[in-house]
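These notes are about the structure you will find just below.
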Amino acid sequence: MNRKLLLAANWKMNKLSGEAREFVLSYAAKLAESSVATVLLPPNTALVAVASTCKESGKGPVGLAFGAQNCYFQSSGAFTGEVSPQMLVDLGCRYVVLGHSERRAIFGESDELIGKKVKAALDAGLTPIFCIGETLDERNGGKLEEVLTRQVRVGLELVSDADLHKVVIAYEPVWAIGTGVVATPAQAQDAHKFVRSLLAKRSAQAAGQMQILYGGSVKPDNCFELMSQDDIDGALVGGASLEVESLLALHKECVRASK
Ligand code: 13P
């Protein structure tokens, strides 16, 4: 297995552009060179600041990249309040988070809508970080596999088998997001292995290449064990990504787990 680990920092609706700028300068200055890339995912209003400071930092897109937390599936038009994949590419984004559980639960995004966004992002040249995950009721009701199967099937329906490997998946159990209740390494590994088996039904080759990130209460003190699991290829982190020292500590743990 030669999949590299990826550390993705989902800042959600946090940080003004000046704060984002300071964060990037400080983080980049202390970031050790490694095979673990960091992807910063600021709110749209801070994307320009992050783009320019990432460039100034000289770390290059392999060590430090950035992206957005959402986009629409159309390239332009009368869609008030939305941004297109092309607009994100225009700012230098390489990634976009799609189907985050907060988008699904608070903003009513359906599997079908997310599937259209995944396809549009890929067509624009972005790497989608496509989020899936079950609620506590679904898990307790024995529906984990059913939910993941549906989310993966519909969310990736419009992606050709040849393009599948370009998608990054993020398994984020809803009950672990922002709660401090992290999935055990075994629970996460089981879910990741199951997701990879679903992908393998589409393309065994793509399934072997695809990064599947874990998200949900990842902290520096639980990161190493999670990242050491066979089918976990990185982390999508919310709360613990908001402070420079904490994100650096997470990066260190990812590097340690990649050896
Ligand atoms: P927390 O790390 O704050 O639990 O958030 C996880 C998440 O939703 C990342 O996308």
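First listed ligand is number 1; within each ligand, the first listed atom is number 1.
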_Minimum heavy-atom separation for V24 and L64, please, with both atom names._
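The answer is CG1-CD2, 4.3 Å.
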*Which atoms form the tightest heavy-atom contact between K15 and E19, and what is the distance?*
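Between these two residues, the closest heavy atoms are CA-OE1, 3.1 Å.
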*S217 near ligand 1, heavy-atom distance under 4.0 Å?*
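Right, S217 reaches ligand 1.
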*Hey, any chance V152 and V174 share a hydrophobic cluster, counting ILVMFWY side chains that come within less than 4.5 Å of each other, even indirectly?*
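No, V152 and V174 fall in different hydrophobic clusters.
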*Does any donor atom in the side chain of E134 or Y171 lie under 3.5 Å from an acceptor atom in the other side chain?*
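The criterion, which ignores hydrogens and geometry beyond distance, is satisfied for Y171 and E134.
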*Is it the case that T149 and E146 place a side-chain donor and acceptor less than 3.5 Å from each other?*
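No pair is found: no donor N or O on one side chain lies under 3.5 Å from an acceptor on the other.
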Proximal ligand 1 atoms for [X], defined as those under 4.0 Å from one of its heavy atoms:
X	result
K12	5 (O), 6 (C), 7 (C), 8 (O)
G239	1 (P), 2 (O), 3 (O)
N10	9 (C), 10 (O)
G216	4 (O), 6 (C)
A176	4 (O)

*asked:* Could you work out, for atom 7 (C) of ligand 1, the closest of E172, E102, K219 by heavy-atom distance?
replied: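 Among E172, E102, K219, the closest heavy atom to atom 7 (C) of ligand 1 comes from E172.
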*Look at the aromatic rings of H192 and Y214 and report parallel, tilted or perpendicular, splitting at 30° and 60°.*
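Tilted.
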_Any nitrogen or oxygen of G238 lying under 3.5 Å from a nitrogen or oxygen in ligand 1? Just yes or no._
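G238 vs ligand 1: N/O contact under 3.5 Å present.
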*asked:* Does ligand 1 come near enough to G178 that some N or O of the ligand is less than 3.5 Å from an N or O of the residue?
replied: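 Yes, at least one N or O pair falls under 3.5 Å.
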Donor-acceptor contacts, no H, no angles, side chain residues 96-104, under 3.5 Å, sequence neighbours left out:
| from | atom 1 | to | atom 2 | distance (Å) |
| --- | --- | --- | --- | --- |
| H100 | ND1 | E102 | N | 2.9 |
| H100 | NE2 | E172 | OE1 | 3.1 |
| E102 | OE2 | K12 | NZ | 2.8 |
| R103 | NE | E109 | OE2 | 3.0 |
| R103 | NH2 | E109 | OE2 | 3.4 |
| R104 | NE | G99 | O | 2.9 |
| R104 | NH1 | D111 | OD1 | 2.7 |
| R104 | NH2 | C131 | O | 2.8 |

